[in-house]
Every structure is written in C-alpha cells, then in structure tokens.
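The structure under discussion appears below in the form of structure tokens.
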Amino acid sequence: MSKIAVTITDLFEDSEYVEPAEAFKKNGHELVHVGLKGGETVKGKKDGTAVKVDKSAKEVSVSDFDALLIPGGYSPDKLRVDEDVVRFVKDFVESGKPVCLICHAPQLLINAQVLKGRAITGWKSLIQDIKNAGANFVDKEVVEDGNLISSRSPADLPAFIKTCLKRLS
C-alpha cells in the first residue's frame, strides 16, 4: 500500500489529522510524520492529540513517499515559515503525486507558489489568499484538480477521506 507523508507541527486541527490517519491506516497505508524536528512530539490545538514527528523535512525526499497529507489548524501557518517544509511541499505538488489538504493547509501551497491556475478549496479566511496566489477558489466539500484533493473544514471530512482513499487505491 501507499507510504504517506504527513506534514505536521503543534496546533494542528485534531480531527483533520486523526480521522484521515485512522482511515488511511485501516486501509493498509503507512504514515510518516514530517515536521520541523524529528523525534519531537507535537500536539493538536483542541484535544491535545500527541503525534511524534518521525523526520524533519530536511531529512526526507518526495521519492520516499506515494502521497502527502496536510492537516489544517495552525500547523500549516507555523510550517510555512520553514524553507525545508516549503521546498518539500513544492516538490511534492510538482511531482504529480496526490496531495490531500484540508482547511488551512493551502497556506503551505501558497508559500510554495504552486497554486497558480489550480482549482482549490480551503477555510473561508483563506479565500482571498488563495485567489491572490492565482488559484480558482471553489466552495465545495471536496475539490480535485490534478493531484490536489482539497476540503474546507472538519465538516467535510467524510467526503475528503473517501476521495483521498479512492485516489490512493
């Protein structure tokens, strides 16, 4: 099955990590948590879900993985100031491999400058940022554009997970 990189740091949206992670694992996929520092434990913003970061973005390559999951919350905003994380995300989008992103995750793609001409959705506070990055904002529970699979919020998780699992099979 697929090996999925998960870019994550403190204050991620718990449900946007936990629910897809559980579904991916249940379907035989392996998760590797990629963050700022390998070995550190990061926590979710609402429920304090603890996640151990397996490797730093500096230690990994897109060729190590089959897909990328970017949960929302404040994690993408904290990650997008790290040049290694931004490079990893940019390389991933450009590789054509599936990128599953939800809520505030487009912030990382905005910094990676990979949204021009793409259709995407995300949290409502990002609509103008997405448009300013040259993308077409679409207000739907799941938007697929090439290798990008995006959703707006935790309310969209069932459709988001179903669409991601279909792409990974």
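Here the structure is a predicted model, which is why all the values come from computation and not from measurement. Computed from heavy atoms alone, side chains included, the values below leave out hydrogens, waters and symmetry copies.
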Do [X] and [Y] have side-chain heavy atoms sitting under 4.5 Å apart?
X      : Y      : answer
Leu168 : Asp66  : no
Leu101 : Pro106 : yes
Ser75  : Leu11  : no
Phe92  : Val114 : no
Thr9   : Tyr74  : no
His29  : Lys3   : no
Leu68  : Cys100 : no
Leu126 : His104 : yes

Between [X] (side chain only) and [Y] (backbone N and O only), is there a donor and an acceptor less than 3.5 Å apart?
X      : Y      : value
Asp14  : Lys46  : yes
Asp64  : Val60  : no
Glu16  : Glu13  : no
Ser2   : Ile4   : no
Asp156 : Ser151 : no
Asn147 : Lys97  : yes
Asn136 : Arg118 : no
Glu144 : Ile149 : no
Asp145 : Leu148 : no
Asp47  : Thr49  : no

**Request:** Please lay out, stage by stage, how Lys26 and Glu22 fare under the test salt bridge (Lys or Arg N to Asp or Glu O under 4.0 Å).
**Result:** CA-CA 6 Å; Lys26 182 179 167 192; Glu22 286 176 355; over 6 Å; no
Would you give the length of the straight line joining atom [atom1] of [X] to atom [atom2] of [Y], rounded to the nearest 0.5 angstrom?
X      : Y      : atom1 : atom2 : result
Ile70  : Leu108 : CD1   : CG    : 5.0 Å
Ile110 : Asp129 : CD1   : CG    : 5.0 Å
Phe24  : Glu19  : CZ    : CD    : 11.5 Å

**Aromatic plane relationship, Phe88 with Phe65 - under 30° parallel, 30 to 60° tilted, over 60° perpendicular** =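 Aromatic pair Phe65/Phe88 classed perpendicular.
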Return a table of donor-acceptor pairs under 3.5 angstrom between the side chains of residues 31-41 and protein atoms on other chains or two or more places apart.
residue : atom : partner : partner atom : Å
His33   : ND1  : Asp54   : OD2          : 3.1
His33   : NE2  : Tyr17   : OH           : 2.6

What pair of heavy atoms forms the shortest contact from [X] to [Y], and how long is it?
X      : Y      : result
Asp84  : Asp82  : N-OD1, 3.0 Å
Pro158 : Ala155 : CD-O, 3.8 Å
Ala112 : Val86  : CA-CG1, 3.6 Å
Leu165 : Asn27  : CD1-ND2, 3.6 Å
Pro20  : Ser15  : CD-O, 3.4 Å
Val138 : Thr121 : O-OG1, 2.7 Å

**Request:** Please list all pairs passing the ring pair (Phe, Tyr, Trp, His ring centres under 6.0 Å) test where one or both residues lie in residues 134-168, with sequence neighbours left out.
**Result:**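 Pairs touching residues 134-168 that pass the test: none.
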**Prompt:** Going by atom types alone, do Gln128 and Asn132 pair a side-chain donor with an acceptor below 3.5 Å?
**Reply:**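 Their side chains do contain a donor-acceptor pair, which is all the 3.5 Å distance test asks for.
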**Message:** I'd like to know whether NZ of Lys55 has more than 12 heavy-atom contacts from other residues, nucleotides or ligands below 6.0 angstrom.
**Reply:** no
**Presence of salt bridge, Arg87 and Glu83, under 4.0 angstrom** = no
